[in-house]
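Have a look at the structure below, then the notes.
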Amino acid sequence: MAERLLQASRQRRVKAMTAAAGSAGRAAVPLLLCALLVPGGAYVLDDSDGLGREFDGIGAVSGGGATSRLLVNYPEPYRSQILDYLFKPNFGASLHILKVEIGGDGQTTDGTEPSHMHYALDENYFRGYEWWLMKEAKKRNPNIILMGLPWSFPGWLGKGFNWPYVNLQLTAYYVMTWIVGAKHYHDLDIDYIGIWNERSFDINYIKVLRRMLNYQGLNQVKIIASDNLWEPISASMLLDSELLEVIDVIGAHYPGTHIVKDAKLTKKKLWSSEDFSTVNSDVGAGCLGRILNQNYINGCMTATIAWNLVASYYEQLPYGRCGLMTAQEPWSGHYVVESPIWVSAHTTQFTQPGWYYLKTVGHLEKGGSYVALTDGLGNLTIIIETMSHKHSKCIRPFLPYFNVSHQFATFVLKGSFSEIPELQVWYTKLGKPSTRFLFKQLDSLWLLDSSGTFSLELQEDELFTLTTLTTGGKGSYPLPPKSQPFPRIYKDDFDVDYPFFSEAPNFADQTGVFEYFTNIEDPGEHRFTLRQVLNQRPITWAADAYNTISIIGDYKWSNLTVTCDVYIETPEKGGVFIAGRVNKGGILIRGARGVFFWIFANGTYRVTGDLAGWIIYALGHVDVTAKTWYTLRLIIKGRFSSGMLNGRYVWTNIPVSFPKNGWAAIGTHSFEFAQFDNFHVEATS
């Protein structure tokens, strides 16, 4: 190893000396010095006294919820390119960990994700897209760590209560089947399993889950708890030796880089198991750069998992663009490799789970921080960040003020690192476009004549990685297609005999689950339909609506005509709707406004200004019953709307002053079976 590094260093020696000689190139790249300046402070990197904690990786969350919904609809080659930027080693974010939602049929932030068991005797391990995503991640990085965590649960587990711990054995069985199904149907080994995202844990349930996993031969699957705050899980573990034994990792959300005393006393691995959640601008990148270092320095956290993986959901849903990159236009193929991808790369490309932090990590004298990690085989990676307070605020928690200023920092390599001849240098500068660099490789540092000492000139909002590894790379593809709005004319007849995914493209379920369905009762025009498949309310994580709804289209749509064939399956009490100008979704779906045209199996219709049905514009009787197909048409133009049933006007020119714009939608009156076909929307503005 040393001989190879020495040979490489000689080849770069002239370049390195030139880069270190002065500040003439400061406008283009930072000044890198080999102990030629008097330092403001010296930082020793030494393994003589042993190493720090084992590093467990950097990752991201798909789900919590439906955050990857639009990704699956991307055409090739763009979909594969996006996946490469996320998972391909030494190319982009090069993530070590992928955490996915165990779909539970409920609204979990930006939509619902389908359960593998909608009903007690139902099992289907091909619903949704998380199975596909995990396989794509494994295809690119066979060593990626896979995690599963429930947000909501299917309603049958609650036995009439909105609570997953009514029958501990049953809920543990449900989670276990997801793990077994991942292996049996997709050859995916789940490494970690969680309890209930950001909600109450049940001590006995955690113990039952561990026993259930062991009984099924899944001893290797580790338990992480409680994906909420450090307490009360840490204190509970200290008071219960069995609980302490069965939990492998304490995972906290948005810890602000800090832990509590009890968490450290457990002597367990400590993870920031959900963090970031910030718009993927340079401020979001600054947030990520700061916490990736300081979660360990301040809080001993050895893994950080960002929510979310990729912003592949309609931007006007809650937390728009809070992904490492943006891919929200499958209809155009457009995507954006945002700066958090390259901030992640500063750590992920030059470390691996199983490396160790050095004990000698910490804060810089004039603001910022540094960490160093080693594989124990001679390799060393140093990550330095100087993110300013203004440009590194995460969405939560509150960030106390701190100051970062221009400084020179000298680092001294000691112990087994003292003979390292050369370090590769990667650099990011966030902020003004004129001075902005993202993951730029600079000339390497040659250390042979400097006794393992080097100095860096550090400005605000910079990231440096200095490493013995030569495998880093800034991957790239030709620019994707230009951004385009959602097509103004859009049709879907759902005629897919063997769908690869269970959900129709671009429909984003906000309450309920809408799936491709083969209607064996109708071999004619409506053999293949889209069906709402939940017949009871799930155990909710958020404020799901009391009606089911799936949105689609352009949030800016104002004047539009929505047409759809509908089929009510529930006699007397059943009902369905089509809608336009729907102005809310995600965790806010219950308060959605818009123009909603309902028909009911009892022979009535209704026009409302909201999903909940409180604002009634019109109502009356129509010739409608269950088990019959009808064609609904909703026309919204300016301040007026009209509705048609089977080609005849039911109501005309009803004033609708609010909202001015929003998505199109379909849905049902309650959690009931219903079918939709030949969906067609035309928007003029």
Side-chain angles (χ1 to χ4, degrees), residues 107 110-111 313-318 320 485-490 506-511 543-564 566 575-600 604-622 624 630-670 676 679-685:
Q107 168 63 247
D110 291 301
Y313 46 99
Y314 291 113
E315 187 171 340
Q316 295 81 6
L317 288 168
F486 194 95
R488 286 193 173 187
I489 299 176
Y490 185 82
N506 303 317
F507 280 90
D509 303 347
Q510 300 301 306
T511 297
D544 297 44
Y546 291 98
N547 330 84
T548 73
I549 178 172
S550 188
I551 61 170
I552 189 169
D554 190 332
Y555 189 79
K556 296 178 182 177
W557 280 346
S558 179
N559 297 324
L560 69 159
T561 299
V562 183
T563 307
C564 191
V566 298
V576 297
F577 70 83
I578 61 173
R581 293 187 184 174
V582 178
N583 73 339
K584 289 181 183 177
I587 51 178
L588 306 175
I589 188 60
R590 193 182 287 185
R593 297 284 299 275
V595 183
F596 297 81
F597 178 17
W598 311 74
I599 60 170
F600 299 92
T604 63
Y605 79 92
R606 188 170 293 185
V607 186
T608 67
D610 63 335
L611 176 62
W614 294 105
I615 303 167
I616 300 174
Y617 292 143
L619 50 80
H621 291 275
V622 284
V624 168
Y630 300 95
T631 300
L632 295 184
R633 175 168 291 176
L634 171 65
I635 304 150
I636 308 173
K637 190 171 184 179
R639 296 188 301 110
F640 298 97
S641 67
S642 303
M644 302 175 75
L645 173 66
N646 288 347
R648 291 188 172 187
Y649 280 102
V650 179
W651 46 278
T652 58
N653 294 327
I654 288 178
V656 286
S657 57
F658 181 85
K660 302 293 185 186
N661 55 275
W663 297 289
I666 58 175
T668 65
H669 176 59
S670 63
F676 303 84
F679 178 84
H680 180 197
V681 61
E682 288 194 28
T684 56
S685 63

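Quick note: numbers below take in every heavy atom, side chains included, and nothing from hydrogens, waters or symmetry partners. We count residues from 1, following the sequence as given. Being a predicted model, the structure only gives us computed values, none of them experimental.
By the 4.5 Å heavy-atom criterion applied to side chains, F596 and I549 are counted as neighbours. Looking at heavy atoms from C-beta onward, C564 lies out of side-chain contact with L632 at the 4.5 angstrom threshold. At a threshold of 4.5 Å between non-hydrogen side-chain atoms, the residues F676 and V576 count as touching.
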Passes side chain to side chain contact (heavy atoms under 4.5 Å, CB included), I552 versus Y490? Steps please. CA-CA 10 Å; I552 189 169; Y490 185 82; 3.5 Å; yes
Test log, rule side chain to side chain contact (heavy atoms under 4.5 Å, CB included), inputs F600 and V624: CA-CA 7 Å; F600 299 92; V624 168; over 6 Å; no
Report the C-alpha distance between L619 and T604 in whole Å, list the side-chain angles of each, state the deciding distance to 0.1 Å, and finish with yes or no for side chain to side chain contact (heavy atoms under 4.5 Å, CB included). CA-CA 7 Å; L619 50 80; T604 63; over 6 Å; no
List the steps, then state whether side chain to side chain contact (heavy atoms under 4.5 Å, CB included) holds for F658 with N583. CA-CA 9 Å; F658 181 85; N583 73 339; 3.9 Å; yes
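Expressed to the nearest 0.5 Å, how far CD1 of I599 lies from CG of L645 amounts to 6.0 Å. Atom OG1 of T511 sits about 10.5 Å away from atom CD1 of I551, to the nearest 0.5 Å. Interatomic distance, CZ of R488 versus OG of S685, reported as 6.5 Å (0.5 Å rounding). We find the CZ-CD1 distance between R639 and I654 to be 14.0 Å, quoted to the nearest 0.5 Å. Interatomic distance, OG1 of T668 versus CG of N547, reported as 7.0 Å (0.5 Å rounding). The distance from atom NZ of K660 to atom CZ of R581, rounded to the nearest 0.5 Å, is 7.5 Å.
Contact record, Q510 with Q107: O-NE2, 2.7 Å, taken as the closest heavy-atom pair. G586 and P318 make their closest contact through CA-CD, 3.9 Å (heavy atoms, listed as atom of the first residue, atom of the second, distance). The heavy-atom pair separating D110 from L317 by the smallest distance is OD1-CB, 3.3 Å. Here the shortest heavy-atom pairing between W557 and P487 reads CZ2-O, 3.3 Å. Taking both residues in full, the closest heavy atoms of P485 and D554 are given as CB-OD2, 3.6 Å, listed atom of the first, atom of the second, then distance. Residue V595 comes nearest to S641 through the heavy atom pair CG1-OG, 4.0 Å, listed as atom of the first residue, atom of the second, then distance.
The backbone N or O of D544 sits less than 3.5 Å from a side-chain atom of R590, completing a donor-acceptor pair. The backbone N or O of I615 lies less than 3.5 Å from a partner atom in the side chain of D610, making a donor-acceptor pair. Although no hydrogens or angles enter the test, the distance criterion places a donor-acceptor pair under 3.5 Å between the side chain of N661 and the main chain of Y555. With hydrogens and angles ignored, the 3.5 Å screen pairs no side-chain donor or acceptor of E682 with any backbone N or O of V562.
Sequence neighbours left out, not one pair with a member in residues 644-656 passes side chain to side chain donor-acceptor pair (under 3.5 Å).
Legend: residues meeting side-chain contact (heavy atoms from CB on, under 4.5 Å) with T561, ordered by chain and number and at least two apart, are T563, R633, I635.
Ring geometry, W598 versus F577: the interplanar angle falls from 30° to 60°, so the pair is classed tilted. Taking the six-membered ring for Trp and thresholds of 30 and 60 degrees, Y314 and F486 have ring planes inclined between 30 and 60 degrees apart.
Between S550 and D509, the side chains place a donor N or O and an acceptor N or O closer than 3.5 Å (distance only, hydrogens not considered).
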